Enquirer: 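Here you go, one structure.
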Amino acid sequence: MDTYKRKTKSRLKSLFIPYIIWNLLVLLLFAVCQSIIGNSEVMQKDGYKMIADYDLVDYLKAFWALDSTNYPIDGPLWFIRDLFVVSLFSPIVYLGIKYLKWIFVLIVFGLSYSHIGISFPFVEYTYYVGLAEMYFSLGAGFMLLNPNFLARLKQFNYLIPIGVITVVFAVVLTVSVIRGMGNEVCLQGYRFTGSLLVFGLFAIFVDKGCRVPEWLTTASFFIFAMHKPVQVIVRRLLFTVFLPQNGLLLSSLIFIVPIIVICVCLLAFIIVKRYLPWLKCLNGYRL
């Protein structure tokens, strides 16, 4: 319980507070941008309400899940939302793995794939096991039952077959998408083996002395939280100004937009780090 209390208190600072602040900032940013352009459709995504039309419930949903997307208004932060909520129930995961071992992880994955819902009376809400529960339980399983597994991934006798399986999943998944079909098994398999492949490859890079500047790794959360609203604004403005129709310009924007977005986010982080350190709450109190 002491560990649980300490970690929960830490996650309030590193996850919950930044989550609330970033969603509030994005809500204000979109409201200002929509107001400046006269609430035209330039800054309105299909399925979204104009913020000028929000009622109280819509404002609350902006911090949890918008009707059209199931994401908060700062879309990528669904990951932080789910991570924080699942971490609150981490004692259940701990006890499940302690007594059921890998069977508990398999049960969680099985519930996710089967889409079996648990209905709650009076509130008209049905809960489904999702990605957060799956990968949180999987990570907990590795750390509690086989903590040396990830260290072994950098050995080529593990890494090569994992790489081959990842490529197979990727090819089958790509063919399925081209044919307009979904392939949930390949998608989840690709995510799982691909994650293991990335861990193994970067463990090798680290062993060979490859390093990333510390300030850049610290900026990763800041970029993660900020990039989507900046990307939406940059992309929509560029498409409005240039009206790209040919393939060359469209292909160029695939690279130009992310480069602009990353540069803007990094510049904002540097300004906060050097001149506005009291805003470290935006980065989970890390600068």
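Computed from a prediction, not measured in an experiment: that's the story for all the values here. Index from 1, following the sequence.
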Enquirer: Out of curiosity, Leu12 CG to Lys7 NZ, how far, rounded to the nearest 0.5 Å?
Expert: 13.5 Å
Enquirer: Is it true that the side chains of Glu133 and Tyr127 contain a donor and an acceptor less than 3.5 Å apart?
Expert: yes
Enquirer: Please examine the side chains of Phe224 and Pro76, heavy atoms only from C-beta on, and report whether any two atoms are closer than 4.5 Å.
Expert: yes
Enquirer: In terms of ring plane angle, is the pair Trp78 and Tyr71 parallel, tilted or perpendicular, where the classes change at 30° and 60°?
Expert: parallel
Enquirer: Would you find a donor on one side and an acceptor on the other, under 3.5 Å apart, between the side chain of Ser10 and the backbone of Arg6?
Expert: no
Enquirer: Can you find a pair of side-chain heavy atoms, one from Ile73 and one from Phe63, that are under 4.5 Å apart?
Expert: no
Enquirer: Ignoring hydrogens and angles, tell me if any N or O in the side chain of Ser114 forms a donor-acceptor pair with the backbone of Leu111 under 3.5 Å.
Expert: yes
Enquirer: Taking Phe84's backbone N and O only, do any of them form a donor-acceptor pair with Ser87's side chain (distance below 3.5 Å, no angle check)?
Expert: yes
Enquirer: Could you give the distance from CG (Leu266) to NZ (Lys273), rounded to the nearest 0.5 Å?
Expert: 12.5 Å
Enquirer: Do Phe104 and Phe192 belong together in a cluster built from hydrophobic side chains that touch within less than 4.5 Å?
Expert: yes
Enquirer: Can you confirm whether Lys154 sits close enough to Leu159 that some side-chain heavy atom of one is under 4.5 Å from a side-chain heavy atom of the other?
Expert: no
Enquirer: Test Trp102 against Phe142 for ring-ring contact (aromatic ring centres under 6.0 Å, His included), laying out the working first.
Expert: CA-CA 9 Å; Trp102 286 108; Phe142 280 129; 5.5 Å; yes
Enquirer: Does a side-chain heavy-atom distance below 4.5 Å link Cys33 with Ile233?
Expert: yes
Enquirer: Go through the steps for Leu250 and Ile254 under the test side chain to side chain contact (heavy atoms under 4.5 Å, CB included), then give the verdict.
Expert: CA-CA 7 Å; Leu250 284 169; Ile254 292 175; over 6 Å; no
Enquirer: Please indicate whether Phe242 has more than 12 foreign heavy atoms, meaning atoms of other residues, nucleotides or ligands, lying under 6.0 Å from its CZ.
Expert: no
Enquirer: In terms of heavy-atom contacts, does CZ of Phe89 have more than 12 from other residues, nucleotides or ligands at under 6.0 Å?
Expert: no
Enquirer: With rounding to the nearest 0.5 angstrom, report the CD1 to CG distance, Ile20 to Leu77.
Expert: 10.0 Å
Enquirer: For Ala62 and Tyr54, which heavy atoms make the closest approach, and how far apart are they?
Expert: CB-CE2, 4.5 Å
Enquirer: For atom CD1 of Ile103, is the number of surrounding heavy atoms from other residues, nucleotides or ligands below 6.0 Å larger than 12?
Expert: no
Enquirer: In the single-linkage hydrophobic clustering (I, L, V, M, F, W, Y; side-chain heavy atoms under 4.5 Å), do Ile204 and Phe199 co-cluster?
Expert: yes
Enquirer: Looking at side-chain heavy atoms only, is the closest gap between Ser14 and Arg286 below 4.5 Å?
Expert: yes
Enquirer: Going by heavy atoms in the side chains, are Leu24 and Ile21 under 4.5 Å from each other?
Expert: no
Enquirer: Please report the C-alpha distance between Tyr4 and Tyr94 in whole Å, then the side-chain angles of each, then the deciding distance to 0.1 Å, and finally whether the side chain to side chain contact (heavy atoms under 4.5 Å, CB included) criterion is met.
Expert: CA-CA 11 Å; Tyr4 176 73; Tyr94 172 76; over 6 Å; no
Enquirer: Distance from Lys98 atom NZ to Leu145 atom CG, nearest 0.5 Å?
Expert: 12.0 Å
Enquirer: Whether Lys280 engages the ring of Tyr285 as a cation-pi pair (distance to the six-membered ring centre under 6.0 angstrom, angle to the ring normal within 45°) should be assessed.
Expert: no
Enquirer: Nearest heavy-atom pair of Leu197 and Gly163: which atoms, and what distance?
Expert: CD1-CA, 3.8 Å
Enquirer: Would Phe16 and Tyr19 satisfy ring-ring contact (aromatic ring centres under 6.0 Å, His included), going step by step from the backbone distance to the final call?
Expert: CA-CA 5 Å; Phe16 181 75; Tyr19 176 85; 7.2 Å; no
Enquirer: Might you point out which heavy atoms bring Thr166 and Gly194 nearest each other, and give the distance in Å?
Expert: OG1-N, 3.7 Å
Enquirer: Closest approach of Thr217 and Ser220, non-hydrogen atoms and distance?
Expert: O-OG, 2.7 Å
Enquirer: Could you tell me whether a side-chain N or O of Ser35 sits under 3.5 Å from a main-chain N or O of Ala31, the two making a donor and an acceptor?
Expert: no
Enquirer: Quick one, Phe109 and Val129 - any side-chain contact, counting heavy atoms below 4.5 Å?
Expert: no
Enquirer: Is the Phe202 ring parallel, tilted or perpendicular to the Phe205 ring (thresholds 30°, 60°)?
Expert: perpendicular
Enquirer: Would a distance-only check, ignoring hydrogens and angles, find a side-chain to backbone donor-acceptor pair under 3.5 Å from Arg81 to Trp64?
Expert: yes
Enquirer: Would you say Phe149 ends up clustered with Leu144 if hydrophobic residues are merged whenever their side chains have heavy atoms under 4.5 Å apart, either directly or through other cluster members?
Expert: yes
Enquirer: For residues Phe136 and Ser90, determine if any side-chain heavy atom of one lies less than 4.5 Å from a side-chain heavy atom of the other.
Expert: yes
Enquirer: Measuring centre to centre across the rings, with the benzene-like ring taken for any Trp, is Trp22 within less than 6.0 Å of Phe222?
Expert: yes
Enquirer: Between CG of Leu138 and CG of Leu131, what distance do you get to the nearest 0.5 Å?
Expert: 12.0 Å
Enquirer: Closer than 4.0 angstrom, basic N to acidic O: yes or no for Lys228 and Asp74?
Expert: no
Enquirer: Give the minimum heavy-atom separation between Ile97 and Gly141, together with the two atoms involved.
Expert: CD1-N, 3.5 Å
Enquirer: Going through the checks in order, is the side chain to side chain contact (heavy atoms under 4.5 Å, CB included) test met by Val261 and Ile223?
Expert: CA-CA 9 Å; Val261 170; Ile223 298 173; over 6 Å; no
Enquirer: For the pair Phe269 and Trp215, name the ring-plane relationship: parallel under 30°, tilted 30 to 60°, perpendicular over 60°.
Expert: parallel
Enquirer: The test is side chain to side chain contact (heavy atoms under 4.5 Å, CB included); show your working for Val32 and Leu29 and say whether it passes.
Expert: CA-CA 5 Å; Val32 170; Leu29 176 65; 5.7 Å; no
Enquirer: Enter the distance from Ile260:CD1 to Gln231:CD here, rounded to the nearest 0.5 Å.
Expert: 11.0 Å
